[in-house]
Amino acid sequence: MTPKSLQILLALGQGPLHGYGIKAAVEERSGGTVTLGAGTLYEGIYRLLKAGWLEEVEGAVEDAPPSGGPPRRYYALSAEGREAARQELRRLAEVLQYGEEQGLMEDAS
């Protein structure tokens, strides 16, 4: 799984979002260190939809202000997407644990 895909799946962990909502959630969670440009974001969404890890859902926020463009598309994790995220996070936890065991997480000072 690519880091970009994991970021999108994590953003949707609490519920459906539209594309800009996903972008904003990723930036907020990372303190601005991770940004997804429009092309990167929508390419990632397309690939995750195609893989069955996301699904398009009806507008999640009825009282959302109009965007001034076409209706927003909302995306949610599918059961397969939630499991894929879970497996990737477990894999990363194992990598982190190994790094800690090797003393690579300690300050060199």
Side-chain angles (χ1 to χ4, degrees):
M1 175 180 305
T2 66
K4 163 185 69 177
S5 295
L6 181 58
Q7 291 291 339
I8 293 169
L9 295 177
L10 288 172
L12 294 168
Q14 295 298 310
L17 293 170
H18 51 72
Y20 183 79
I22 294 169
K23 177 182 175 10
V26 168
E27 289 177 6
E28 181 179 334
R29 185 181 59 255
S30 71
T33 61
V34 178
T35 58
L36 299 174
T40 300
L41 172 65
Y42 288 103
E43 177 187 329
I45 289 171
Y46 172 76
R47 289 177 189 265
L48 293 170
L49 283 166
K50 191 173 176 184
W53 290 359
L54 295 185
E55 52 195 20
E56 195 168 333
V57 296
E58 291 296 317
V61 181
E62 297 297 328
D63 59 336
S67 65
R72 290 180 169 167
R73 293 181 176 189
Y74 285 79
Y75 306 96
L77 286 177
S78 66
E80 294 86 1
R82 189 169 293 280
E83 181 57 29
R86 199 174 288 126
Q87 288 178 12
E88 180 66 1
L89 292 171
R90 284 187 191 126
R91 185 190 72 77
L92 291 171
E94 290 173 3
V95 170
L96 179 61
Q97 180 180 356
Y98 181 76
E100 288 174 339
E101 290 169 0
Q102 299 302 310
L104 296 172
M105 300 297 293
E106 298 171 9
D107 285 339
S109 50

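As the structure is a computational prediction, the values presented were derived from the model and not from experiment.
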[X] and [Y]: which non-hydrogen atoms are nearest, and at how many Å?
X	Y	result
M105	L96	CE-CD1, 3.5 Å
L36	L41	CD1-CD1, 4.0 Å
L12	Y75	CD2-O, 3.3 Å
Y42	Y20	OH-N, 3.9 Å
L17	A25	CD1-CB, 4.2 Å
G19	I45	CA-CD1, 4.4 Å

Can you tell me how far apart [atom1] ([X]) and [atom2] ([Y]) are? Round to the nearest 0.5 Å.
X	Y	atom1	atom2	answer
L48	E80	CG	CD	12.5 Å
I22	L10	CD1	CG	11.5 Å
R86	R82	CZ	CZ	6.5 Å

Original post:
When hydrophobic residues are tied together by side-chain contacts of less than 4.5 Å, even through go-betweens, does V26 share a cluster with L92?
Top reply: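 Same cluster: V26 reaches L92 through Ile, Leu, Val, Met, Phe, Trp or Tyr contacts under 4.5 Å.
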**OP:** Give a yes or no on whether W53 and L89 share a hydrophobic cluster (residues Ile, Leu, Val, Met, Phe, Trp, Tyr; joining criterion: side-chain heavy atoms under 4.5 Å apart).
**Re:**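 In one cluster with W53: L89, yes.
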**OP:** Given side-chain contact (heavy atoms from CB on, under 4.5 Å), test E43 with K4 step by step and report yes or no.
**Re:** CA-CA 10 Å; E43 177 187 329; K4 163 185 69 177; 3.8 Å; yes
**OP:** Determine, stepwise, if the pair R90 / E94 fulfils salt bridge (Lys or Arg N to Asp or Glu O under 4.0 Å).
**Re:** CA-CA 6 Å; R90 284 187 191 126; E94 290 173 3; over 6 Å; no
Subject >> Side-chain heavy atoms of L9 within contact of M1, under 4.5 Å >> reply: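 When only atoms from C-beta onward are counted, M1 and L9 do touch, with a gap below 4.5 Å.
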Subject >> Crowding at CD, E101 (>12 non-hydrogen neighbours, <6.0 Å) >> reply: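 Yes, enclosed.
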Original post:
Is the number of heavy atoms from other residues, nucleotides or ligands under 6.0 Å of Q102 CD greater than 12?
Top reply: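 More than 12 within 6.0 Å, yes.
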**OP:** Check step by step if side-chain contact (heavy atoms from CB on, under 4.5 Å) holds for R29 and V34.
**Re:** CA-CA 9 Å; R29 185 181 59 255; V34 178; over 6 Å; no
